[in-house]
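Okay, structure first, notes after.
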Amino acid sequence: MTNEQLDDCPSPRDEAVAMLGARLAKSTDSIVNDAITQRLGEGWTLDSLRGRLTCVHQLSSGMATFCLDGKPLVRFFPTITRMEGTTLRVSQPYRLL
């Protein structure tokens, strides 16, 4: 294997970070979906949300608020990352509004 081929291989750390990011995104989607269902009931579709669901990012605080029909739905707070020995733990607090 050449150095060039080695450079193309993702490191275990890079793969772990990518996996954590994907899990966090999936969790966020699930929380937003559940909040929408609580507000609208079962049976909503992505098309029915077009133009009704917005996300406001507050760069200074790192928070993101999803709104439905102009009313706050769920707020996500900055991600919390901590090392526990050799394990990286990531969580993202949120509040249903």
Side-chain angles (χ1 to χ4, degrees):
M1 200 178 260
T2 66
N3 283 342
E4 194 172 292
Q5 288 171 320
L6 287 175
D7 289 341
D8 290 340
C9 296
S11 72
R13 180 191 55 172
D14 291 343
E15 287 181 356
V17 169
M19 186 173 56
L20 283 172
R23 284 183 185 169
L24 189 61
K26 186 175 181 179
S27 173
T28 299
D29 284 351
S30 177
I31 291 164
V32 172
N33 287 344
D34 289 348
I36 293 168
T37 299
Q38 285 180 12
R39 178 84 49 95
L40 298 179
E42 298 288 335
W44 59 268
T45 65
L46 290 177
D47 280 340
S48 72
L49 298 178
R50 196 171 312 281
R52 299 173 60 195
L53 184 66
T54 58
C55 181
V56 178
H57 291 273
Q58 297 172 332
L59 298 179
S60 61
S61 66
M63 292 188 294
T65 304
F66 284 82
C67 299
L68 181 61
D69 296 330
K71 296 178 182 168
L73 183 66
V74 61
R75 177 170 294 141
F76 290 92
F77 298 93
T79 332
I80 299 169
T81 306
R82 64 185 183 282
M83 286 295 296
E84 295 177 1
T86 59
T87 303
L88 178 64
R89 303 262 183 221
V90 177
S91 62
Q92 183 165 26
Y94 68 95
R95 179 179 300 139
L96 296 175
L97 303 171

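Quick note: numbers below take in every heavy atom, side chains included, and nothing from hydrogens, waters or symmetry partners.
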Is there a path of hydrophobic side-chain contacts, each under 4.5 Å between heavy atoms, that joins [X] and [Y]?
X   : Y   : value
I31 : I80 : no
L20 : M83 : yes
V90 : M19 : no
W44 : L96 : yes

Where the side chain of S27 meets the backbone of R23, is there a donor-acceptor pair that is under 3.5 Å apart?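 No, the answer is negative, given that no donor and acceptor are paired below the 3.5 Å cut-off.
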
Just by modelled atom types, is the P78 backbone N or O under 3.5 Å from a matching donor or acceptor in the Q92 side chain?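 Checked: no pair found.
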
Do the charged groups of D29 and K26 touch, with an N to O distance under 4.0 Å?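 Result for this pair is no, no salt bridge flagged.
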
Any chance you could measure [X], atom [atom1], to [Y], atom [atom2], to the nearest 0.5 Å?
X   : Y   : atom1 : atom2 : result
T65 : Y94 : OG1   : OH    : 14.5 Å
R50 : T45 : CZ    : OG1   : 8.5 Å
L24 : T79 : CG    : OG1   : 5.5 Å

Looking at every heavy atom in both L49 and I36, which two are closest together, and how far apart are they?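 Of all heavy-atom pairs spanning L49 and I36, the closest is CD1-CD1, 3.7 Å.
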
Which pairs count as ring pair (Phe, Tyr, Trp, His ring centres under 6.0 Å) when at least one residue sits in residues 53-75, sequence neighbours excluded?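 Ring pair (Phe, Tyr, Trp, His ring centres under 6.0 Å) check on residues 53-75 returns F66-F76.
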
side-chain contact (heavy atoms from CB on, under 4.5 Å) between L73 and L53: does it pass, once the steps are laid out? CA-CA 9 Å; L73 183 66; L53 184 66; 4.2 Å; yes

Are L68 and L40 packed together at the side-chain level, in the sense that at least one heavy-atom pair is separated by less than 4.5 angstrom?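 Yes; the side chains approach each other to less than 4.5 Å.
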
